[in-house]
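Presented below is the structure to which this report refers.
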Amino acid sequence: TFEKASLGASVSQLPRTTSTCPTQQHGGERVSSVIQSGASQKKSNRAAIPVSLYCFMVCHPIEADLLRVHLEHGTLHGCDAFDVFSNTTHFTQSLPGGLAMIAAVEGSMDVEKGGPFHTSLNSHIFQQVWRAVFFLGRYRSFDWVIKVDPDTLFFADSVRMRLEGQQPRVQGQHDKVIMLNADDNVNVHGPLIVLSKAAADAYAADPVRCETGVDVTEKSEDWYLHIC
């Protein structure tokens with residue numbers, strides 16, 4: 001069972017602060033991403049341990065313009081590494097920096113809406129993506145795994161600041177943590193999903209258990225992952 005912690009605010013409520021990011025990695029290339037730090041001026045009783053983020057985005061072809069905005073404004077580059085998954089490696093128009101996506105989804109990404117909240121029934125899409133994340137294994141080099149939706153306003157440094165007090169380490173070991181960010185911080189909300197490396201490792205160790213043990217008939221991917 002994952003331990004549960006709270007981000008304490010929705011994405012839109014997170015204060016926009018800045019910190020110094022290490023060199024950001026994507027697809028084997030290294031992109032220098034230096035952001036001026038204000039948070040580093042804060043005093044702490046513990047030794048400063050940089051919070052490292054692996055981020056990924058799942059992008060339907062109709063969301064290409066949203067992805068382009070993220071890339072042009074460098075929001076994903078605020079993470080220490082990131083990948084973008086879709087059902088193709090390239091959209092009709094090239095993306096900034098010549099980004100090539102990872103084709104992790106077979107077939108169409110169109111899904112029906114339903115369930116008690118009339119949300120996108122996309123769990124099967126994200127099951128394939130999580131498998132690809134585990135296969136690539138890049139997330140294992142970082143403290144936290146963050147899934148960002150294309151239509152989410154996202155500031156990596158704001159999330160990083162929030163996570164500084166939730167460093168998932170006990171005596172050098174990582175704890176299994178999933179962040180609760182919806183319904184008074186008792187549920188997981190899909191636009192921004194945050195889990196620790198150890199939580200991702202737990203899922204990766206036996207993905208079939210979640211894929212067959214959770215009924216996703218009327219569940220979206222955030223509900224599925226929370227139960228998993």
Side-chain angles (χ1 to χ4, degrees), residues 1-8 10-11 53-63 79 82-87 101-140 142-152 154 159 163 166 168 173-228:
T1 303
F2 294 171
E3 292 186 9
K4 299 173 182 178
S6 169
L7 278 174
S10 66
V11 180
L53 311 178
Y54 167 76
C55 303
F56 72 90
M57 184 175 288
V58 180
C59 195
H60 190 293
I62 65 173
E63 297 172 310
C79 304
F82 73 91
D83 289 305
V84 179
F85 298 91
S86 187
N87 61 349
M101 295 168 295
I102 299 170
V105 180
E106 294 185 4
S108 173
M109 295 183 69
D110 294 338
V111 296
E112 297 181 355
K113 290 191 175 183
F117 305 107
H118 196 62
T119 53
S120 297
L121 304 180
N122 55 2
S123 293
H124 65 289
I125 297 286
F126 280 82
Q127 286 173 345
Q128 295 178 68
V129 172
W130 279 110
R131 286 266 188 165
V133 169
F134 302 149
F135 178 79
L136 290 173
R138 280 159 48 79
Y139 79 91
R140 294 188 179 94
F142 307 98
D143 295 319
W144 295 92
V145 180
I146 300 181
K147 191 276 293 187
V148 184
D149 277 355
D151 58 355
T152 296
F154 173 65
V159 176
L163 293 176
Q166 299 285 347
Q173 301 300 314
H174 287 260
D175 284 343
K176 296 183 285 291
V177 177
I178 187 166
M179 307 302 288
L180 306 180
N181 60 351
D183 304 324
D184 294 323
N185 300 320
V186 297
N187 289 312
V188 175
H189 193 40
L192 185 72
I193 292 181
V194 180
L195 61 159
S196 67
K197 170 188 172 294
D201 284 341
Y203 183 8
D206 190 6
V208 174
R209 182 179 180 184
C210 289
E211 293 167 355
T212 61
V214 179
D215 181 6
V216 299
T217 305
E218 294 188 339
K219 294 180 179 65
S220 55
E221 49 100 11
D222 48 2
W223 197 355
Y224 160 76
L225 186 66
H226 190 183
I227 296 173
C228 171

Starting from the C-alpha separation in whole Å, work towards a yes-or-no answer on side-chain contact (heavy atoms from CB on, under 4.5 Å) for I102 and L136. CA-CA 10 Å; I102 299 170; L136 290 173; 3.4 Å; yes

Using modelled atom types only, decide if a donor and an acceptor are shared between the side chain of [X] and the backbone of [Y] within a distance under 3.5 Å.
{"X": "T152", "Y": "P191", "value": "yes"}
{"X": "N181", "Y": "L192", "value": "yes"}
{"X": "N87", "Y": "S108", "value": "no"}
{"X": "E112", "Y": "L121", "value": "no"}

Heavy atoms, side chains only, cut-off 4.5 Å: are [X] and [Y] in contact?
{"X": "I178", "Y": "V194", "value": "no"}
{"X": "D83", "Y": "M57", "value": "no"}
{"X": "I146", "Y": "V159", "value": "yes"}
{"X": "L53", "Y": "D143", "value": "no"}
{"X": "V129", "Y": "V105", "value": "yes"}
{"X": "I125", "Y": "V111", "value": "yes"}

Just how far is it from atom [atom1] of [X] to atom [atom2] of [Y], taken to the nearest 0.5 Å?
{"X": "Y139", "Y": "S196", "atom1": "OH", "atom2": "OG", "answer": "10.0 Å"}
{"X": "H124", "Y": "M109", "atom1": "NE2", "atom2": "CE", "answer": "9.0 Å"}
{"X": "L195", "Y": "D201", "atom1": "CG", "atom2": "CG", "answer": "9.5 Å"}

Grab the two heavy atoms, one from [X] and one from [Y], that are nearest each other, plus how far apart they are.
{"X": "M101", "Y": "S86", "value": "SD-CB, 4.0 Å"}
{"X": "P207", "Y": "A205", "value": "CD-C, 3.8 Å"}
{"X": "V188", "Y": "M179", "value": "CG2-O, 3.7 Å"}
{"X": "R140", "Y": "A204", "value": "NH2-CB, 4.5 Å"}

Summary of side chain to side chain donor-acceptor pair (under 3.5 Å) pairs that have at least one residue in residues 210-225, sequence neighbours excluded: R131-E211, K147-E221, Y203-Y224, D215-T217, S220-D222

side-chain contact (heavy atoms from CB on, under 4.5 Å), that's the test. Do K197 and W144 meet it? Break it down for me. CA-CA 5 Å; K197 170 188 172 294; W144 295 92; over 6 Å; no

Taking disulfide bond (SG atoms under 2.5 Å apart) as the definition, give me every residue that meets it alongside C55, ordered by chain and number, with sequence neighbours left out. C79

For D183, side-chain hydrogen bond (donor to acceptor under 3.5 Å, both in side chains) partners two or more places apart: N187

For H60, what residues pass the side-chain hydrogen bond (donor to acceptor under 3.5 Å, both in side chains) criterion, not counting sequence neighbours? D110

Any residue meeting ring pair (Phe, Tyr, Trp, His ring centres under 6.0 Å) with F56, in chain and number order, not counting sequence neighbours: F85, W130

Of all residues at least two apart in sequence or in a different chain, which pass the side chain to side chain contact (heavy atoms under 4.5 Å, CB included) check with D151? L66, D149

R209, CZ atom: more than 12 neighbouring heavy atoms under 6.0 Å: no

